[in-house]
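Here's the structure, in structure tokens; my notes come after.
Since we're looking at a predicted model, the values are computed, not measured. What's counted below: heavy atoms across the whole structure, side chains too, no hydrogens, waters or symmetry copies. Below, chain A is the first sequence line, B the second, and so on; all start at residue 1.
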Amino acid sequence: MASAPFQNPRGTRDQLPEDLLLIHHLERVAHEVASAAGYEEVRTPFFEETRLFMRSLGDTSDVVEKEMFTVPRRQADDAPELSAAEALANSYTFRPEGTASCARAYVQAGCAANAPAQKWYYLGPMFRYERPQKGRERQFTQFGIEAFGSQSPLVDAEVIAVALRFFQRLGFGPELEVRVNSMGDPADRAAWSSALREFFAPQFEGVSERCADCQARFERNIFRLLDCKVPRCVELNQGAPDLFAVMGEEGREHHQRMCEALQQLQATVTEDRSIVRGLDYYSRTVFEIHYPPLGARSALCGGGRYDGLVEEMGGRHTPAMGFSIGFTPTELALAELQLPVAEDLEDLRQARKAQIYVVAMTAEDRLPAMSLAAQLREQGWRVLSDLRERSGKAQLKEAAKLDVPITLILGPDEREKDHVKLRDMGAKEEQDLAQEKLVEHLRAFFGGA
RNA sequence: GUGGAUGUAGCUCAGUUGGUUAGAGCACCAGAUUGUGAUUCUGGGGGUCGCGGGUUCAAGUCCCGUUAUCCACCCCA
């Protein structure tokens, strides 16, 4: 087999300097929006024990069943052979989402017992072994927040408000729409599950009209019958019992109060019974944020309440609520909306742009030019000098192309007098300066940098 | 995991019914009265035609496999 060219792994992408301008903007807005509401950043490992995700997301979730990036742990040479199940339980998996790790860290740090009220956010790469397509990658970035320790519907409203704020800050318009639903409490779901089982049972007797996936779901995770997209299955779902019909008073009131709190938002809030997040840990509130002008691809954010997860992780019962936002769909949406506008990125652009370019006219000037550049960097300026040993003309050309405002020209004439020629690229004016006056002049130009 | 489309220079693409040394624009590099940014002009570097195999006197062009990308499904951020 001859050499195939090297390529980035499927579903990943390189983020080159040009791409990072936008990414940095998204990251900045995420940091700002989260800390403005009192959330503090946490960073957990990129991989965890596989069983963490199996436990938190649920064995029957698609993520666990077919989308995990799992690597075996090393075994001692003389260790006994492991069964497939043991090997899996003993493996590591690259995190497919952020909530499980946060809950694990929360318990491990002792928060559940000692400091239950925590407001955290995270921002970083997640991994899912999926077939890539538009808006979906195997390595992608998620921004999420998690509010631990309060049962109050006020938390639900705040978390949703933070997510909204993120999109508003990025320039999304007032068409932003929050779609909410409730999954109820465990007891509600048990009651609902029985009701659904009773309702659907006849459909699975004998030769079923249901799709193959649904046949499996009926046994494994009956709720997921409800979000099947096969047309015949959708028809057969008509008239299925509604969770709200069996939901207890507390859950109902929680939902009611949250919706009232959401009235304060600068966005439309609608009830959407079809939102049934695919992960097991959700309870009560689940929500999505959509931007309808984007059409089919309008979902930007998903989240909800997970009151049982901390306990599941071995901590004391702690209610919690969070969201996650994928940068990939957000980037696509922004591109479609022709956002962000240039001004939003201007400061980032400026911050990475060189301020000074030191031009060396002859070979003898190169070392002095380098050391002048080094001195100026020590003063805090962003300074370039030519590393390709090109002509003075080519250096000026490059400085102009990079839009560097000041060039310092160093040649035999200047060196002889211990001078340097300062050229204002915008005004196209230059002046001879004694080197000891240089910093002063530059300070004046850049406004006391 | 299933189905469909695509893959020629860093980028956007040409490339006739298979026929000699595979092209253009942009980008990059150098030069145009001996130390200076635009435009223009001249010249230059850069391609195992995704990879592997097959058919043929001859393959970028036809066939098979493979890989990657894009699109749809599943699901999701």
Inset, instruction - Could you check A:Gln379 against A:Trp381 for side-chain hydrogen bond (donor to acceptor under 3.5 Å, both in side chains), going step by step and ending with a plain yes or no? - result: CA-CA 6 Å; A:Gln379 297 292 318; A:Trp381 287 302; over 6 Å; no
Inset, instruction - Evaluate the side-chain contact (heavy atoms from CB on, under 4.5 Å) criterion for residues A:Phe143 and A:Glu27: first the C-alpha distance (whole Å), next the side-chain angles of each, then the deciding distance (0.1 Å), finally the verdict. - result: CA-CA 8 Å; A:Phe143 159 50; A:Glu27 290 175 354; over 6 Å; no
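Contact annotation: the side chain of A:Gln168 approaches that of A:Leu176 to within less than 4.5 Å [non-hydrogen atoms, C-beta and beyond].
A:His25 and A:Arg28 form a side-chain donor-acceptor contact under 3.5 Å, judged by distance and modelled atom types alone.
With P as the reference atom, B:rA77 and B:rA14 are 39 Å apart, rounded to whole Å. Rounded to the nearest Å, the gap between the C1' atom of B:rC75 and that of B:rG1 is 12 Å. Nucleotides B:rA22 and B:rC63 have their C1' atoms positioned 23 Å apart, rounded to a whole Å. Distance check on atom C1': B:rU56 versus B:rC64 gives 16 Å, rounded to whole Å. Distance check on atom C1': B:rG23 versus B:rG46 gives 14 Å, rounded to whole Å. On the C1' atoms, B:rU12 is 12 Å away from B:rU8, given to the nearest whole Å. Annotation: B:rG7 and B:rG15 have their C1' atoms spaced 16 Å apart (nearest Å). B:rC62 sits 15 Å from B:rC49 when the C1' atoms are compared, rounded to a whole Å.
Checked against the 6.0 Å centroid threshold, A:Phe94 and A:Phe47 count as a close aromatic pair. Within the 6.0 Å centre-distance limit, the rings of A:Phe172 and A:Phe167 are counted as a close aromatic pair. Aromatic ring centroids of A:Tyr39 and A:Trp120 lie 6.0 Å or more apart.
One can place CD of A:Glu389 at 13 Å from P of B:rA30, the figure rounded to the nearest angstrom. As rounded to whole Å, 11 Å separates atom P of B:rA38 from atom NZ of A:Lys401. Rounded to an integer number of Å, the gap from A:Gln395 CD to B:rA30 P is 10 Å. Atom CG of A:Asp14 and atom C1' of B:rU69 are 14 Å apart (whole Å).
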Inset, instruction - Do nucleotides 71-77 of chain B as a string where each nucleotide becomes B, S or -: B if the base has a protein heavy atom under 4.0 Å, S if just the sugar-phosphate does, - if no protein is that close. - result: SBBBBSB
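If you check every strand for non-hydrogen atoms under 4.0 Å, A:Gly11 touches sugar and phosphate atoms only. Residue-level contact check: A:Met126 touches neither bases nor backbone, having no heavy atom under 4.0 Å from any strand.
When distances are taken from the side chain of A:Gln7 to each of B:rA68, B:rU69, B:rA30, the shortest belongs to B:rA68.
A:Gln395 contributes a side-chain N or O that, together with a main-chain N or O of A:Arg390, makes up a donor-acceptor pair within less than 3.5 Å. The backbone N or O of A:Gly326 lies less than 3.5 Å from a partner atom in the side chain of A:Thr330, making a donor-acceptor pair.
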Could you run down the sub-3.5 Å N/O contacts of the protein with nucleotides 33-36 of chain B?
residue, atom, partner, partner atom, Å
B:rG35, O6, A:Asp413, N, 3.2
B:rG35, O6, A:Asp413, OD1, 3.0
B:rG35, O6, A:Asp413, OD2, 2.3
B:rG35, N1, A:Glu414, OE1, 3.0
B:rG35, N1, A:Glu414, OE2, 3.2
B:rG35, N2, A:Glu414, OE2, 3.4
B:rU36, N3, A:Glu430, OE1, 3.1
B:rU36, N3, A:Glu430, OE2, 3.3
B:rU36, O4, A:Lys421, NZ, 3.4
B:rU36, O4, A:Glu430, OE2, 2.8

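With respect to the salt-bridge test (charged N to carboxylate O, under 4.0 angstrom), the residues A:Glu97 and A:Arg128 do not qualify. Remark: A:Lys119 does not engage A:Glu40 in a salt bridge, criterion side-chain N to carboxylate O under 4.0 Å.
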Legend entry - Base-pair map of RNA chain B as dot-bracket, where | denotes pairing with a different strand and pairs are Watson-Crick or G-U under 3.5 Å: (((((((..((((.....[...)))).(((((.......))))).....(((((..]....))))))))))))....
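Environment of CD in A:Glu205: crowded, with over 12 heavy atoms of neighbouring residues, nucleotides or ligands closer than 6.0 Å.
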